[in-house]
Structure formats: structure tokens, C-alpha cells
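Along the sequence shown, residues carry numbers from 1. Please read these numbers as outputs of a predicted model, since none were measured by experiment. Read the numbers this way: they start at 1 and go in the same order the structure lists the ligands and their atoms.
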Amino acid sequence: MQLLDGKLVSAAVKEEIKQQAILHKNNGGKQPHLAAILVGNNGASETYVASKVKNCSDVGFKSSLVRLEENVSETELLATIEQLNTNADVDGILVQLPLPKHIHEEKIINAISPEKDVDGFHPVNIGKLVLGLPSFIPATPFGIMLLLKHYTINTAGKHAVVIGRSNIVGRPMSILLSQNTEPGNCTVTLCHSKTKNLKELCLQADIIVAALGKPGFLTADMVKENAVVIDVGITRVKDESKKSGFAIKGDVDFENVAPKCSYITPVPGGVGLMTIGALLMNTLNAVTKNKL
Ligand code: NAP
């Protein structure tokens with residue numbers, strides 16, 4: 001069994017981004033600038049945004065954080081997005097999800113200019129992704145593709161089972177794995193809460209991506225020998241032994257699944273770190289117009 005080390009690979013990805021940003025600037029280009037909007041003060045969202053801002057400075061990007069009150073109106077949030085859309089100095093915009101219940105998430109995502117949508121959630125970017133056209137790719141599936149590429153995992157002709165069909169993880173992951181690319185060219189089964197024979201499907205899988213948000217869901221009896229297992233799950237579970245009072249758990253029963261795998265991602269230290277690397281890559285591409 002080999003660990004797919006998100007720490008190691010994301011460090012390499014970040015170094016490459018840093019060098020490309022320097023090159024771009026030396027050729028007369030501008031410094032990439034990511035603007036993040038955070039509504040309210042959800043603990044996990046605060047942590048994610050702080051990490052994104054820190055990572056921007058690690059690779060020499062400029063970043064701005066716009067903080068809005070939990071009770072901000074949808075109109076005010078839309079006006080903030082419009083200001084960033086028209087600000088020529090801002091290259092990438094992200095709105096940290098989830099948003100408070102009174103705000104229409106879809107309306108907000110659709111308001112971000114597709115050219116600055118570095119999260120890759122706008123319908124224009126999703127549409128391009130489906131057609132295999134250059135686009136911003138949602139950061140988590142993009143990060144997983146970078147991880148598979150780094151370890152030169154042979155995916156062509158393999159059966160991949162993706163558990164979870166969300167617009168930000170599972171569905172784009174299934175599209176990327178099915179595309180005629182390397183990595184890619186998988187035969188993909190996309191599973192969700194109504195899937196009936198999940199265990200049987202998983203037992204046929206060469207690659208499993210678990211993205212459902214249920215700690216320890218994927219158990220050893222659901223995984224065949226030598227499978228590649230990618231754990232996307234991040235759930236905060238109460239843990240008195242931790243200073244923070246919680247531990248981060250993935251969707252895979254790592255201890256028992258890992259011995260059966262050819263490759264597996266740990267949680268933490270796997271997909272989460274790659275997601276940040278992919279977001280920075282999208283922001284760099286927003287400036288250089290590379291691959292877009
Ligand atoms: P989500 O929007 O809640 O979607 C969960 C998906 O899992 C849904 O499609 C749901 O099916 C499916 N599901 C739920 N229970 C299931 C079951 N028993 N069997 C099969 N499918 C089931 O979640 P998400 O935003 O995709 O996130 C999933 C997990 O990844 C969460 O833990 C989240 O924190 C984590 N995450 C991690 C990163 C990272 O950077 N590592 C990034 C994003 C998300 P239905 O569609 O039928 O409801």
C-alpha cells in the first residue's frame with residue numbers, strides 16, 4: 001500500500017505555481033489576485049478561508065478577504081460580487097460555502113463572472129467541463145486529478161466508483177474520470193443515497209472516490225484487493241483528547257481499508273491540501289489565460 005501524500009504533492013504544485021507567477025510577472029504580467037467572500041462566522045468556513053488566504057501569500061499572490069455579517073441581504077452580497085467582477089485588479093473570486101439559509105446559493109454562484117470563477121461552479125464553467133473544453137475545474141476534483149497524475153496511476157479502462165453526486169465534488173469528479181484524458185478514460189459509476197447495490201458496485205471498483213460526508217462509511221468489506229481509494233470526506237467529530245475539541249474524519253475506515261489498497265489518501269493530509277493547490281492553479285490560469 002502506498003499513501004497518496006497530499007502534503008508532498010501540493011507543496012510541489014505550489015512551488016510550480018510560484019515559479020510560473022514569477023515568470024508571468026517578469027514578462028510584464030500582473031500579480032494574481034484572489035478575492036474571497038466570507039459570510040458569517042462558521043468555524044470550518046473561517047478555517048478554510050484563512051488557509052486559502054495564507055496559501056495565496058505562500059505562492060506570491062495577492063488576496064483580499066471581504067467579510068460580511070451573517071444577516072447580510074442577498075442584494076448586498078450580489079452588489080459585493082458585482083464590485084469584484086468589475087474590479088480589473090481582481091482575477092479570481094470565491095464565495096465560501098455554505099451560505100446562510102436566507103441566501104440563494106445558486107443565484108450567488110451565477111452572479112460571479114465566469115472568467116473569475118476560480119471555484120469552477122458557474123454553469124458556464126460546468127458546461128465547458130462537460131464538453132471537455134478548457135475551463136476552471138472545481139478545485140477538489142481537479143486536485144484529485146493532479147494527485148493521480150503525480151503518482152502516474154494508470155486509470156485508463158479502469159472501473160471507477162464515485163460515491164456522492166454533489167455539483168462541487170462527486171459529479172465533476174465522475175465527468176473528469178470519464179474523459180478521454182490521462183488520467184481519465186475510466187468507466188464510471190456515479191452513486192448516491194438512492195443507489196441500491198452500493199457494496200457490490202464498490203467491490204467491482206478499481207478506483208473508489210468516497211465523497212459523501214459520512215465518517216468511516218467505506219469499510220474493508222466494500223473494497224477489493226489493490227483498489228485505489230480516494231477519501232474526500234471531511235467531518236468534524238467530537239474528540240475530547242484534541243485541543244480543538246474535535247478530530248477531522250474521512251469517509252473511509254482508513255485503518256482497515258488501507259491494507260487492501262494499492263494506493264489510498266489519508267485524512268487529513270490528502271485531498272484537502274490538493275484542493276487548495278488546485279484553487280491556486282485556477283487563479284494563476286485566470287491571470288495567464290493558460291488553458292482557458
Ligand atoms: P453533499 O453535497 O452533502 O453531497 C453528499 C452526496 O453523498 C450526495 O450526493 C448524497 O446523495 C450522497 N450520499 C449521502 N449518503 C449516502 C449513502 N449512504 N450512500 C451513497 N451516497 C450517499 O457533500 P459534498 O459537498 O459533496 O461533500 C462530501 C464530503 O466531502 C463532505 O465530508 C465534505 O466536507 C467533503 N469535502 C471535502 C473537500 C476537500 O477539500 N477535501 C472539499 C469539498 C467537500 P443524494 O444526492 O442522493 O443526497
Side-chain angles (χ1 to χ4, degrees), residues 3-7 9-10 13-14 36 42-52 54-55 94-99 101 105-106 109 118-121 126 136-148 160-177 188-205 208-219 221-223 229-238 246-254 264-282:
L3 272 188
L4 297 173
D5 188 342
K7 199 170 172 185
V9 183
S10 68
V13 167
K14 277 171 64 179
N42 170 291
S45 294
E46 293 263 1
T47 311
Y48 294 144
V49 169
S51 168
K52 288 169 188 175
K54 183 193 168 293
N55 275 276
L94 72 86
V95 178
Q96 187 63 42
L97 302 178
L99 290 167
K101 293 220 165 7
E105 208 162 276
E106 199 184 317
I109 289 170
V118 287
D119 261 338
F121 298 162
I126 297 287
F136 292 117
I137 303 169
T140 300
F142 186 15
I144 293 169
M145 295 301 274
L146 293 173
L147 202 54
L148 294 171
V161 166
V162 178
I163 314 173
R165 58 177 162 185
S166 74
N167 290 340
I168 63 171
V169 187
R171 194 175 298 280
M173 187 77 248
S174 71
I175 294 164
L176 287 167
L177 286 172
V188 181
T189 305
L190 181 58
C191 302
H192 45 77
S193 67
K194 310 290 189 298
T195 299
K196 284 212 162 73
N197 48 346
L198 186 62
K199 183 176 170 183
E200 286 70 25
L201 291 166
C202 286
L203 281 169
Q204 292 168 24
I208 302 177
V209 180
L212 67 160
K214 297 218 153 72
F217 179 88
L218 189 80
T219 47
D221 60 329
M222 298 168 81
V223 179
V229 172
I230 309 290
D231 190 352
V232 183
I234 297 184
T235 306
R236 288 182 170 200
V237 178
K238 222 172 164 190
F246 63 84
I248 301 291
K249 294 281 176 207
D251 288 342
V252 178
D253 172 13
F254 183 87
I264 186 167
T265 59
V267 176
V271 173
L273 295 169
M274 292 308 300
T275 296
I276 301 240
L279 171 72
L280 297 172
M281 187 80 94
N282 277 341

For ligand 1, which atoms, with element, lie under 4.0 Å from some heavy atom of [X]?
{"X": "Gly164", "answer": "6 (C), 7 (O), 9 (O), 12 (C)"}
{"X": "Val169", "answer": "26 (O), 43 (C), 44 (C)"}
{"X": "Thr275", "answer": "39 (C), 40 (O)"}
{"X": "Ile163", "answer": "20 (C), 21 (N)"}
{"X": "Phe217", "answer": "18 (N), 19 (N)"}

| Between Leu146 and Val9, which heavy-atom pair has the shortest distance, and what is it? | O-CG1, 4.5 Å
| request: Of all the heavy-atom pairs spanning Leu3 and Pro266, show the shortest one and how long it is. | output: CD2-CD, 4.0 Å
Please check this pair: side chain of [X] against backbone of [Y], looking for a donor-acceptor N/O pair closer than 3.5 Å.
{"X": "Asn282", "Y": "Ile137", "result": "yes"}
{"X": "Asp253", "Y": "Thr219", "result": "no"}
{"X": "Asn42", "Y": "Ser45", "result": "yes"}
{"X": "Asp251", "Y": "Gly213", "result": "yes"}

| query | For atom 3 (O) of ligand 1, is some protein heavy-atom partner under 4.0 Å away? | reply |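 No, there is none.
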| Ala211 near ligand 1 by a heavy-atom separation under 4.0 Å |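 Under 4.0 Å: yes for Ala211.
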What protein heavy atom sits nearest [atom], and how far away is it?
{"atom": "atom 9 (O) of ligand 1", "answer": "Arg165 N, 2.8 Å"}
{"atom": "atom 26 (O) of ligand 1", "answer": "Ser166 OG, 2.5 Å"}
{"atom": "atom 14 (C) of ligand 1", "answer": "Lys214 NZ, 3.7 Å"}

With nothing but distance in play, are any N or O atoms of [X] less than 3.5 Å from an N or O of ligand 1?
{"X": "Val232", "value": "yes"}
{"X": "Leu198", "value": "no"}
{"X": "Asp251", "value": "no"}

Would you kindly specify which portion of [X] sits under 4.0 Å from ligand 1, judged on non-hydrogen atoms: side chain, backbone, both or neither?
{"X": "Ile168", "answer": "side chain"}
{"X": "Ile234", "answer": "both"}
{"X": "Thr140", "answer": "side chain"}

| query | Among Gly143, Cys191, Ser193, whose heavy atom sits nearest atom 47 (O) of ligand 1? | reply | Ser193
| field | Worked verdict on Thr195 versus Ile163 for side-chain contact (heavy atoms from CB on, under 4.5 Å) | value | CA-CA 9 Å; Thr195 299; Ile163 314 173; over 6 Å; no
| request: Pick out which of Thr265, Ile264, Val229 makes a side-chain contact (heavy atoms from CB on, under 4.5 Å) with Phe254. | output: Ile264
